[in-house]
Amino acid sequence: MRLFIALSLPDEVRLGLSHLCCGLPGVRWVAPENFHITLRFIGEVDGGTADDIDAALCGIRAPSFTLELGGVGHFGDDSKVRAVWAGVRSQPALQHLHDKIESAVVRAGIRPDGQRFKPHVTLARPNQPPPPSKMQAFLAQHGLYRSRPFEVTHFTIYSSFIGGEGPYYRAECSYELA
Ligand code: 2AM
């Protein structure tokens, strides 16, 4: 199974994000039901390792917190955009939760990530890089985007399936925050 750990988003926040998803030619927009904030990509694991990850995640004690999305941007340089995203406004509790999850999955036998955590919601992935002028216009149009604040009360481990219509994410288990 191919796993990742993420925060789901309230319907209203996903609806708001879906309104950003236009005006960039040559990209695949993420379906609104698939919007999420990845906390840790795990990848392909066997059932035994998945059980070890579940046990380690069950042991996490962390507080719930309020989160807000804000701004838009992209990974990759202007001529080689890899993903277009909505940002997450700085929230130390989110980094704290990420760090706990990272420690837990490493305890369960997964190789450390080693990359700085850059929380975001991926909105689109280019088939071909959008023209820089279109990208600039998109960033200018949505630079002031803000979601309403929302409570993060749990995180979820998902399995992902790649189909002809795009990826399908199935929530396997959620873990409550205090
Ligand atoms: P992202 O959209 O936030 O970049 C499920 O596949 C999620 O895991 C994706 O939405 C992506 O998060 C992340 N992901 C997929 N493949 C990855 C990889 N090879 N390395 C890191 N994260 C990955």
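Values reported hereafter were calculated over all heavy atoms of this structure, with side chains retained and with hydrogens, waters and symmetry mates removed. Whatever order the structure lists them in is the order used to number ligands and atoms, beginning at 1. All residue numbers refer to positions in the sequence shown, counting from 1.
- The closest donor-acceptor contact from the side chain of Asp113 to the backbone of Arg40 lies at 3.5 Å or more, if one exists at all.
- Distances below 4.0 Å separate heavy atoms of His120 from the following atoms of ligand 1: 1 (P), 3 (O), 4 (O).
- Checking Thr156 against Ser174 by side-chain atom types alone, a donor-acceptor pair falls below 3.5 Å.
- If you number the atoms of ligand 1 from 1 as listed, the ones under 4.0 Å from a heavy atom of Thr122 come out as 1 (P), 2 (O), 3 (O), 4 (O).
- Side chain of His96 to main chain of Leu94: no donor-acceptor pair is present (N/O by atom type, distance under 3.5 Å, no hydrogens or angles).
- Asp11 has a carboxylate O that lies under 4.0 Å from a charged side-chain N of Arg14, or vice versa, which qualifies the two as a salt bridge.
- Looking from atom 9 (C) of ligand 1 to the surrounding protein, the closest heavy atom is Arg125 NH2, 3.7 Å.
- Here the protein heavy atom with the shortest distance to atom 10 (O) of ligand 1 is His36 NE2, 2.9 Å.
- Protein heavy atom in closest approach to atom 6 (O) of ligand 1: Tyr169 OH, 4.1 Å.
- Between the His74 side chain and the Gly76 main chain, a donor and an acceptor come within less than 3.5 Å of each other.
- On a distance-only criterion, Ser160 and ligand 1 share no N/O pair closer than 3.5 Å.
- Residues Tyr175 and Asp54 bring a donor and an acceptor atom of their side chains to less than 3.5 Å of each other.
- For atom 14 (N) of ligand 1, the nearest protein heavy atom (residue, atom name, distance) is Phe41 CD1, 3.4 Å.
- At a heavy-atom cutoff of 4.0 Å, ligand 1 is contacted by no atom of Lys118, backbone or side chain.
- Ion pairing between a basic and an acidic side chain is recognised when a charged N comes within 4.0 Å of a carboxylate O; Arg148 and Glu68 show no such pairing.
- Of the protein's heavy atoms, Thr38 OG1, 2.9 Å lies nearest to atom 12 (O) of ligand 1.
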